[in-house]
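Here's the structure we're looking at; comments come further down.
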Amino acid sequence: ELKVEQNPLFLSMQEGKNYTIYCNYSTTSDRLYWYRQDPGKSLESLFVLLSNGAVKQEGRLMASLDTKARLSTLHITAAVHDLSATYFCAVVPYTGNQFYFGTGTSLTVIP
Amino acid sequence: SQTIHQWPATLVQPVGSPLSLECTVEGTSNPNLYWYRQAAGRGLQLLFYSVGIGQISSEVPQNLSASRPQDRQFILSSKKLLLSDSGFYLCAWSAGGTQYFGPGTRLLVL
């Protein structure tokens, strides 16, 4: 059974601090996606990582992919309140069209 | 550009009543289409996905069904709703790359 695990599940951090969210998966894949979900809203695509060593950055968020370790990270730099949301990673195996989502990480940035 | 629509946005239905949720995509052809359900405060549960007209794969056995009568239309149905069917229903599409989500339908079964 394919598993996608995120940790932590809940994260409360102060503004200005740095932190990393981890996404581990159990299949061979070179397609990893990060999404953001605001309360009561749908999912918004953040990053697409399509190869080993891929790194993408947007503002205070940076995502990376290590396909050998089957690990992706989402690093938050100098957090601000606007980053408060739930973040999901999703993996697509080499075979198939299904997206397998992680459990999500609920981030709260405290002023 | 591509857009994805879902309706209704919100629905309150009694137990045992039927359900029909619709999803349409504009601006792309032959997309892969997906239905997910998200319970309050939880992750995403894949319900159905489709790679073409009339081609539906079911991931979780339950009282829901899906149909794809047209290339860019995906419908989620039930003949008799259960309390446990309450949740946030999300439709999504992809064309070999990123999966894009619709605005969702919030369903409350009473």
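Labels below follow one simple rule: chain letters A, B, ... track the order of the sequence lines, proteins then strands, and each chain is numbered from 1. Atom set for the values below is all heavy atoms of this structure, side chains included, hydrogens, waters and symmetry mates excluded.
Per-residue heavy-atom pair counts under 4.5 Å with chain B were compared for Phe101(A), Phe88(A), Phe99(A), and the maximum is reached by Phe99(A). The choice from Gly43(B), Gly102(B), Ala92(B), Gly97(B) that makes the most heavy-atom pairs within less than 4.5 Å of chain A is Gly97(B). When Leu43(A), Leu50(A), Leu9(A), Val92(A) are compared by the number of non-hydrogen pairs under 4.5 Å with chain B, Leu43(A) comes out ahead.
Taken together through direct or relayed side-chain contacts under 4.5 Å among Ile, Leu, Val, Met, Phe, Trp and Tyr, Val15(B) and Leu11(B) form part of one hydrophobic cluster. Hydrophobic clustering keeps Leu107(B) apart from Leu44(B) (ILVMFWY residues linked when any side-chain heavy atoms are closer than 4.5 Å, directly or through intermediates). Residues Val48(A) and Leu74(A) are members of separate hydrophobic clusters, defined by side-chain heavy-atom contacts under 4.5 angstrom among Ile, Leu, Val, Met, Phe, Trp and Tyr.
Applying the salt bridge (Lys or Arg N to Asp or Glu O under 4.0 Å) rule to pairs touching residues 18-32 of chain B yields nothing, sequence neighbours excluded. The salt bridge (Lys or Arg N to Asp or Glu O under 4.0 Å) analysis of residues 3-20 of chain B, with sequence neighbours excluded, yields no pairs. Applying the disulfide bond (SG atoms under 2.5 Å apart) test to pairs two or more places apart or on separate chains, those with a residue in residues 22-110 of chain A are Cys23(A)-Cys89(A).
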Can you list the donor-acceptor atom pairs spanning chain B and chain A that come in under 3.5 angstrom?
unit_1: Tyr34(B); atom_1: OH; unit_2: Asn97(A); atom_2: O; d: 2.6
unit_1: Gln38(B); atom_1: OE1; unit_2: Gln37(A); atom_2: NE2; d: 2.8
unit_1: Gln38(B); atom_1: NE2; unit_2: Gln37(A); atom_2: OE1; d: 2.9
unit_1: Glu59(B); atom_1: OE1; unit_2: Gln98(A); atom_2: NE2; d: 3.3
unit_1: Gly96(B); atom_1: O; unit_2: Arg31(A); atom_2: NH2; d: 3.1
unit_1: Gly97(B); atom_1: O; unit_2: Tyr33(A); atom_2: OH; d: 3.3
unit_1: Gln99(B); atom_1: N; unit_2: Tyr35(A); atom_2: OH; d: 3.1
unit_1: Gln99(B); atom_1: O; unit_2: Tyr35(A); atom_2: OH; d: 2.7
unit_1: Gly102(B); atom_1: O; unit_2: Ser42(A); atom_2: OG; d: 2.4
unit_1: Arg106(B); atom_1: NH2; unit_2: Gly40(A); atom_2: O; d: 3.2

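Applying the 6.0 Å contact sphere to CE of Met13(A) captures more than 12 heavy atoms from other residues, nucleotides or ligands.
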